[in-house]
Amino acid sequence: MAGHRCIELVPQAVTVEVLDHLEQLALVDFRDAEGVERLRKAIQFADQLHEVNTDGVEPMDSVLEDRCLYLREDDVTEGNCANELLKNAREKVEEYFVAPPGNIPLPKLEERETFLKGS
Amino acid sequence: MAAVAARGCGGVWRRAWQHGAGGPGPSPCGRRAAASSARGGAVPVGKSGLAPWVPVVGLEIHAQISSNSKLFSGSQVQFAAPPNSLVSFFDASLPGTLPVLNRRCVEAAVMTGLALNCSINKKSLFDRKHYFYADLPAGYQITQQRVPIAVNGSLSYSLCIDNKMSQMVTKTVRIKQIQLEQDSGKSLHDDTRSQTLVDLNRAGVGLMEVVMEPDMCCGEEAAAAVRELQLILQTLGSSQAVMAEGQLRVDANVSVHHPGEPYGVRTEVKNINSIRFLAKAVDYEIQRQIEELENGGTILNETRAFDSKLGCTVPMRDKEGKQDYRFMPEPNLPPLILYDAKSLPANMNHQQVINIDWIHERLPDLPSVTRAKLVERYGILPEHSFALLNEDGLTEFFENVVKQTQMKPKKVIGWILNVLLSYLKQHSLTVKESPVSSVLMADLLNLLEKKEISSTAAKQVMAIKAGNLKVLNKLIGLVQRETQGRSNPVLVKQLLEKKLSE
């Protein structure tokens, strides 16, 4: 009989290491304690999923899983709008977008200005 | 004790004893010990008791799908167009745009999967792979990480033993999977101005990623496997697979270990631009790892680039440690459902349906089948059939000549491979550019069969046609002798040239 699964642990604190990792990966900036708290609340909200007994239930791929995937014919119907696209670029060089030279990784925790250092 | 040649799979590498190479530390690039070649020949054994090494090579191959438009948008697929001219709003990742799957790309992947003996997944899924790079405007690539379109296949390829064409051995590499994914744009690094120029023409072009299990053990095997895959793709038409144009890209995963021990740490080698360089890069990396480990060092799980000028691999800049791609299902695409004859739905619009069996029935003869047919039909040797298929248009040329001449195919093949092909190579011409047509060649061979000309004469005619003017002059000289100096050399030259251009 379906029942509640036990919530095994008190929700673990989200550590500084995890927050630093997220800031590096997703280039987000938690900015202050409120930002971190919002993350913790979001995790807590999602953890409610654990209350559902999913034994023997096939995982759902997406809410679209029973829709038909539309197949397009292999015709050229778009493109040729370099000027329009480049209008959005802050900098351009002869129809090329300009970007910084390669990926510049976020400095390590000790070396950057983030409130996480104080945690 | 006999030295062990580092030869083919099952072969193990022993460290080459490097005379005068001095103390510990890997050899610098370029000063490779001569014995590190895998092409047969005894490898001097080092200090006795040195344990053998087993190299392990796996490949990840990206083949650009041959289609008119991109995988998820209607912009054109074309090499070398003005920058950013083949880019739609979706390719530039402008908000509000959505991916729409190109039917032709799916068919190409199914054909390739079937040709590689894979199981085609009737339901496959799309995912997002996240990372930041200037040529990936969305910040993620749409790929098939969870359930790809095809799995568990195999590819058979052949190698020559000991450099002799007459002894060929067949090997098989397992295909782990084939997945559909988007290509990224192109970055041009401008180090002088400290900036990167980005062209999105290639962004969104359809790719088939073919993952080969680590069943290979040296550069030669990797090269042979990729060459066979290239021929298959070209035969199917699913990809033109021209490495020089970036339509076929190969990354090699290389590690070494002692027999009976677990696999060693592997490195990934990128920036390999030709099949020849693939063999070099893999062999260099194997040797580098062996030396590093024998000198007490460790192998880092890193990405390295092949430097073709120096012939070595170097750590790649711009690769920051282990990446976390945060895979998630692509929320804008339902699962991709494929059908076969049994499961075909009755009432669906046939343009919306892809029938695996229908595609299977229409697959062309794969290279291995074509080779077998050539051997059977013409009585030529297997290695001849390999040589014929290895050169674009040569099989057709051979068959045309055979049709038009009385000479037996077993003799014709010698003229094709040893005479025609070597002249073409000497003058850097393709078969399509051959100044000797199949008609002319058949004529020459007929004259030869009827003993009206000598084999030397036939070769000279072909040489002239292939551009050797020295021979033309020699012919003029011969004519002069025959006519005992009474012929007008200028006229003779004109007549000969006219005759030869017919």
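Just so it is clear: chains get the letters A, B, ... in the order the sequence lines come, proteins before strands, and each one is counted from 1.
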From B/Phe132 CZ over to A/Leu25 CG, what is the distance, rounded to the nearest 0.5 angstrom? 8.5 Å
Donor-acceptor pair, distance only, cut-off 3.5 Å: does the side chain of A/Ser62 make one with the backbone of B/Pro331? no
Side-chain donor-acceptor pair under 3.5 Å between A/Asn80 and B/Ser85, yes or no? no
Closest non-hydrogen atoms of A/Glu78 and B/Gly74, given as atom of the first, atom of the second and distance, are OE2-N, 2.7 Å
Would you give the length of the straight line joining atom CG of A/Asp74 to atom CG of B/Asn68, rounded to the nearest 0.5 angstrom? 4.0 Å
Cut-off 4.5 Å, heavy atoms of chain B, and the answer for A/Asn88 is side chain
Set of residues satisfying side-chain contact (heavy atoms from CB on, under 4.5 Å) with respect to B/Asp199, sequence neighbours excluded: A/Tyr96, B/Pro83, B/Asn84, B/Asn201
Taking the side chain as every heavy atom from C-beta outward, state whether B/Leu197 and A/Phe97 have any atom pair closer than 4.5 Å. no
In terms of heavy-atom proximity below 4.5 Å to chain B, should A/Ala89 be classed as side chain, backbone, both, or neither? neither
To the nearest 0.5 Å, how far apart are CG in B/Leu94 and CD in A/Glu84? 9.5 Å
Identify which part of A/Glu91 has an atom lying under 4.5 Å from any heavy atom of chain B, answering side chain, backbone, both or neither. side chain
Heavy-atom pairs under 4.5 Å with chain A - which of B/Pro335, B/Ser88, B/Pro334 has more of them than the others? B/Pro334
Part of A/Val98 within contact of chain B (heavy atom distance under 4.5 Å): both
Test side chain to side chain contact (heavy atoms under 4.5 Å, CB included) on A/Arg72 and B/Arg103; report intermediate values, then the result. CA-CA 6 Å; A/Arg72 180 175 58 83; B/Arg103 187 199 160 86; over 6 Å; no
Using a cut-off of under 4.5 Å for heavy-atom pairs, which of B/Val198, B/Ile337, B/Leu333 has the most such pairs with chain A? B/Val198
For A/Thr77, give me all partners under side-chain hydrogen bond (donor to acceptor under 3.5 Å, both in side chains), at least two apart in sequence or on another chain. none
Heavy-atom pair count under 4.5 Å with chain B, highest-scoring of A/Leu86, A/Leu71, A/Leu64: A/Leu71
Nearest 0.5 angstrom please: A/His21 NE2 to B/Asp324 CG, how far? 4.5 Å
